[in-house]
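Beneath this line is the structure, given in structure tokens, with notes to follow.
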Amino acid sequence: MSLDVSDESRYDRTRLRQWARGRARSAGVDRRHLLKLFAAGAAAAGPIGLGAGAGTAGAAEATGPAGGALAPGIVKALPPELFTVRGTNAETNFAALRGTGQLTPIDRFFVRNHTSTPRLEARDWTLRVWGGGLAGGPVEFSYERLRALPAVERTLFIECAGNGRSFYTSQQSQQVSGTAWTLGAIGVAHWRGARLSDVLRRAGMRRDAVDVLPRGLDDEVVTNGVNLGRVRRPLPVSKALDDVILAYEMNGRPLPADHGAPVRVVVPNWIGISSIKWVGDIEVSDTPLYTPWNTDLYRLFGPDHPAEGSAPLTRQTLKSAFELELGATVPVHRTRLLTGRSWSGAAPVHRVEVSTDGGVRWQRARLHDAPRRGAWVRWSVPWTPRTSGPTALLARATDATGRTQPATAAHNTQGYLFDAVVRHPVTVV
Ligand SMILES: Nc1nc2c(c(=O)[nH]1)N[C@H]1C(S)=C(S)[C@@H](COP(=O)(O)O)O[C@H]1N2
Ligand SMILES: [Mo]
């Protein structure tokens, strides 16, 4: 089954209608209560609140005994040259990608945890598929049974919906809630796993099933005293059957703990929250499902959107980033190669232009990867700064749909889907 953009927008419209008619089952959470909670959070929280952002641990950054940053609950090492710790999360420093290949090495792949990384053993793990959208009762898959299914391999990014959020504030002077990521809440990996469609068919999914709901085995998420339950976000059956993977390998190795071991969902091109880590069960439903992650979170809210928010967010947007620290100092009259990466959830990146004078003149960057949907392209341009002082580097991508990164991103209260050209400050000395 194929799913193109028009199918997805049809799906979004249908869902919005179902939502408006109140047909949805509310998946165990009092919606009015939550809406109030999130509204209060957004108003009070400034840059940090609930969103694709803070977990239970709040915004404080802890410092470890060796002086390195400690993100409570992340297992792998987080040296400050590779990561910036933000609450329970770790952002990849883009400068640390310079010289690496198309795949993000696992030692620098960002981590977004609502709570903390659980330690699960493959031999103790089972995936339970259950619900009213199955012909019979629940079906269980052991790790071995999953690995015995036909394997698929794909190179795909996972990117948080809130990636780039801090630029709403720093570049557009707008208030948003959630983790103040710069552009490093993305990584590209080579995934290997079973097709979700194979698992659903073997579990006896019925033709009238509409949603599947993968749920993580990490701790329940508690925000301001309200228990939202385990991390879970419904996927429409059309997407689930199209290209979703139950991944057990990342970059040729068993999935690491922080990225969902032993098995995670990988949803190509969609916002990161769709790709549930540490998946333990999947509900298959014959009615639409709602959880906080597709109602009050991961929709667009604000004056330009309906009171109940936009349709649930699906595809990622278009972005570019330099492999250079924000605020870097560079020597005058010396030629250097500016490098970076661009990506889009909609189509392959077609063209990248770079400006080194704050956006007055633009030149085409040389692309170093064959553009493919689902991954990024690396690019470069030589630059010889001629005058000293502060300036801004800009990179602007266009994808194969013809869309170019705009000068400003459309504001929404939770700061999702920032897609504007970022003004990357540097000082020439
Ligand atoms: N079970 C579970 N799955 C999860 C999350 C989580 O906290 N728990 N975070 C989600 C979010 S918001 C993102 S952006 C991605 C991040 O994946 P990564 O940590 O492997 O980079 O995982 C998603 N899947
Ligand atoms: Mo995310």
Side-chain angles (χ1 to χ4, degrees), residues 50-57 71-76 78 82-83 85-92 103-120 125 127 156-165 177-181 183-189 191 213-223 228-235 244-251 255-282 291-294 297-298 312-314 316-317 345 414-418:
L50 191 104
T56 49
I74 294 180
V75 169
K76 68 184 174 186
L78 302 172
L82 303 186
F83 290 104
V85 172
R86 303 191 188 281
T88 55
N89 317 297
E91 173 169 357
T92 302
L103 304 183
T104 308
I106 285 163
D107 70 359
R108 53 204 80 185
F109 201 103
F110 87 104
V111 180
R112 162 55 176 131
N113 279 353
H114 282 70
T115 60
S116 60
T117 296
R119 305 305 296 261
L120 307 172
W125 176 90
L127 175 68
L156 296 165
F157 67 74
I158 290 192
E159 184 188 15
C160 189
N163 195 23
R165 176 182 286 127
S177 60
T179 298
W181 305 107
L183 287 169
I186 179 169
V188 172
W191 308 96
L213 180 61
R215 181 163 56 165
L217 290 165
D218 41 340
D219 288 343
E220 296 182 332
V221 180
V222 179
T223 305
L228 307 182
R230 293 185 191 267
V231 178
R232 63 204 189 285
R233 188 176 201 250
L235 269 177
V244 176
I245 301 170
L246 289 166
Y248 42 72
E249 279 181 24
M250 182 178 183
N251 294 354
L255 206 59
D258 295 311
H259 300 291
V263 178
R264 82 175 298 166
V265 179
V266 175
V267 180
N269 298 301
W270 283 28
I271 57 173
I273 185 62
S274 322
S275 294
I276 295 295
K277 303 193 275 188
W278 314 293
V279 60
D281 72 295
I282 301 178
T291 76
W293 289 270
N294 74 334
L297 301 170
Y298 303 103
L313 299 180
T314 58
Q316 260 297 356
T317 183
Q414 293 175 102
Y416 297 131
L417 301 185
F418 187 90

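Any value given below was found using the heavy atoms of this structure, including those in side chains, with hydrogens, waters and symmetry copies removed. Just follow the structure's listing: the first ligand is 1, and inside any ligand the first atom is 1.
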Q: Can you see which heavy atom on Val266 is nearest to which on Ala247, and at what distance?
A: CG2-CB, 3.8 Å
Q: Return the minimal non-hydrogen interatomic distance between Arg233 and Thr291, and the atom names on each side.
A: CA-OG1, 4.1 Å
Q: Have a look at Phe110 and tell me which of Asn89, Asn163, Thr92 forms a side-chain contact (heavy atoms from CB on, under 4.5 Å) with it.
A: Thr92
Q.
With nothing but distance in play, are any N or O atoms of Trp278 less than 3.5 Å from an N or O of ligand 1?
A. no
Q. Closer than 4.0 angstrom: is that true for some heavy atom of Tyr298 and an atom of ligand 1?
A. yes
**Q.** Atom indices of ligand 1 within 4.0 angstrom of Phe109 heavy atoms, with elements
**A.** 21 (O)
Q: Decide whether an N or O pair under 3.5 Å exists between Phe110 and ligand 1.
A: yes
Q) Applying a 4.0 Å heavy-atom criterion (strictly less than), which segment of Asp218 is in contact with ligand 1: side chain, backbone, both, or neither? A) side chain
Q. Between Asn294 and Pro312, which heavy-atom pair has the shortest distance, and what is it?
A. O-CG, 3.7 Å
Q) Any idea which atoms of ligand 1 are less than 4.0 Å away from a heavy-atom of Cys160? A) 14 (S)
(Q) Less than 3.5 Å apart, any donor N or O on the side chain of His114 or Trp293 sitting next to an acceptor on the other? (A) yes
Q | Set of side chain to side chain contact (heavy atoms under 4.5 Å, CB included) partners for Asp258, sequence neighbours left out | A | Ile74, Val75, Lys76, Val111, Thr117
Q: Could you list the atoms of ligand 1 found under 4.0 angstrom from a heavy atom of Asn113?
A: 7 (O)
Q | Test item, Ser275 contacting ligand 1 (heavy atom, 4.0 angstrom) | A | yes
Q. Does Arg264 have a heavy atom less than 4.0 Å from any atom of ligand 1?
A. yes
Q) Quick one: which ligand 1 atoms are inside 4.0 Å of a heavy atom on Gly216? A) 1 (N)
Q | NZ/NE/NH1/NH2 to OD/OE distance under 4.0 Å, Arg86 and Glu91 | A | yes
